[in-house]
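Comments concern the structure below.
Throughout, residue positions are numbered sequentially from 1 according to the sequence presented. Quick note: numbers below take in every heavy atom, side chains included, and nothing from hydrogens, waters or symmetry partners.
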Amino acid sequence: MSFKSNYLICEGREIHYTEWGSGNAQTVIAWHGLARTGRDMDDIAAHLAGRFRVICPDTIGRGLSEWSPAPEKEYCLAFYAKLAVSLLEQLRIDHVHWLGTSMGGALGVHLAAGALKGRIRRLALNDIGPELAKSAVERIRTYAGNPAQFDRMSDLERYFRTVYQPFGWLSDAQWRRLTETSARRTPEGKLTPHYDPRMVLQFEHHPRDYDQWDAYDAIDVPTLCLRGENSDLLLPEVAEAMRSRGPRATVVTIRGCGHAPALNVPDQLQLVERFVGGK
């Protein structure tokens, strides 16, 4: 299943997205994690594209989207939400199912309780909840705020295989695609992950962005939470509380993964498909 690569100006910023299954009536927005790109969603998008139109954006400052000229103000959930609403309006999408990994799931919570309340019909959260483990946040800030640099693509791939080992099993071809779709050259010619390191300013200037119990409790649509068995970001007690609060999420533990499952193997693909399909 092939995709189309497109760009739109949202809130004055150029946003890149891929589109799969363009002729289908129902739409899934698949939004990636903090230091990743929309191409992480290739496998789940290709799987869903037989039934759904799937839109996979690159968040501002990531992948092929524009970097923010005002990072302190725009690298935050509130601005990402404005981008998402603009994207949906321009694509004339009234109602969506939302699938979000990590930051993309936090954005889904923000929107399902706010600007897209009543328009998000089903919410799938991939290893994210309304409360994050502080030690994991510090771990992510440390490596994401000072991205490694390499001379060779093979070295970058080895690095990704190490830092993203918690994603679970990926084939050699999937590791190669992950590397090639999330690499850029610095002005000095080094290879580094394809994002603006200033995006970690979110944690400094918007320190409560991911404290979202109030938003979670306001959600009233079917909600699925996938938790990596070994996740250090979404703790077991938080996932358990999500079962009884707000939308009373269905929580499924994904064996052999940490933060966050790659959504690339049959069991995970079928789980998400059944949920967004209403089964």
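Under the rule for a side chain to side chain donor-acceptor pair (under 3.5 Å), E237 has no partner lying at least two apart in sequence or in another chain. The side chain to side chain donor-acceptor pair (under 3.5 Å) check on R122 picks up nothing, with sequence neighbours excluded. Residues satisfying the side-chain contact (heavy atoms from CB on, under 4.5 Å) test with R248, not counting sequence neighbours, are none. With sequence neighbours excluded, the residues that form a side chain to side chain donor-acceptor pair (under 3.5 Å) with D217 are R245. For F167, the ring pair (Phe, Tyr, Trp, His ring centres under 6.0 Å) partners two or more places apart in sequence, or in a different chain, are Y164. Q165 meets the side-chain contact (heavy atoms from CB on, under 4.5 Å) test with no other residue; sequence neighbours excluded.
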Distance-only donor-acceptor hits, side chain of residues 218-227, under 3.5 Å, sequence neighbours excluded:
{"from": "T223", "atom 1": "OG1", "to": "V221", "atom 2": "O", "distance (Å)": "3.0"}
{"from": "R227", "atom 1": "NE", "to": "L234", "atom 2": "O", "distance (Å)": "2.5"}
{"from": "R227", "atom 1": "NH1", "to": "E229", "atom 2": "O", "distance (Å)": "3.3"}
{"from": "R227", "atom 1": "NH2", "to": "S231", "atom 2": "O", "distance (Å)": "3.2"}
{"from": "R227", "atom 1": "NH2", "to": "L234", "atom 2": "O", "distance (Å)": "3.2"}

Run the side-chain donor-acceptor check on residues 98-116: report pairs under 3.5 Å with partners two or more places apart or on a different chain.
{"from": "W98", "atom 1": "NE1", "to": "G104", "atom 2": "O", "distance (Å)": "2.9"}
{"from": "T101", "atom 1": "OG1", "to": "N126", "atom 2": "ND2", "distance (Å)": "2.9"}
{"from": "S102", "atom 1": "OG", "to": "H259", "atom 2": "NE2", "distance (Å)": "2.9"}

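Annotation: R176, atom CZ; neighbour count of heavy atoms from other residues, nucleotides and ligands within 6.0 Å does not exceed 12.
Residue pairs satisfying the ring-ring contact (aromatic ring centres under 6.0 Å, His included) criterion with at least one member in residues 74-95, sequence neighbours excluded, are absent. Residue pairs meeting the salt bridge (charged side-chain N to carboxylate O under 4.0 Å, His left out) criterion with at least one member in residues 70-83, sequence neighbours excluded, are R13-E74. Under the ring-ring contact (aromatic ring centres under 6.0 Å, His included) criterion, the residue pairs touching residues 206-247 are F203-Y210, W213-Y216, with sequence neighbours excluded.
Within the model, atoms CD of E131 and CG of L233 stand 10.5 Å from one another, a figure rounded to the nearest 0.5 Å.
Members clustered with I9: none, using a 4.5 Å side-chain heavy-atom cutoff among hydrophobic residues.
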With side chain to side chain donor-acceptor pair (under 3.5 Å) as the criterion, how do R39 and S182 come out once you've worked through the C-alpha distance, each side chain's angles and the decisive distance to 0.1 Å?
CA-CA 8 Å; R39 295 297 304 277; S182 52; over 6 Å; no
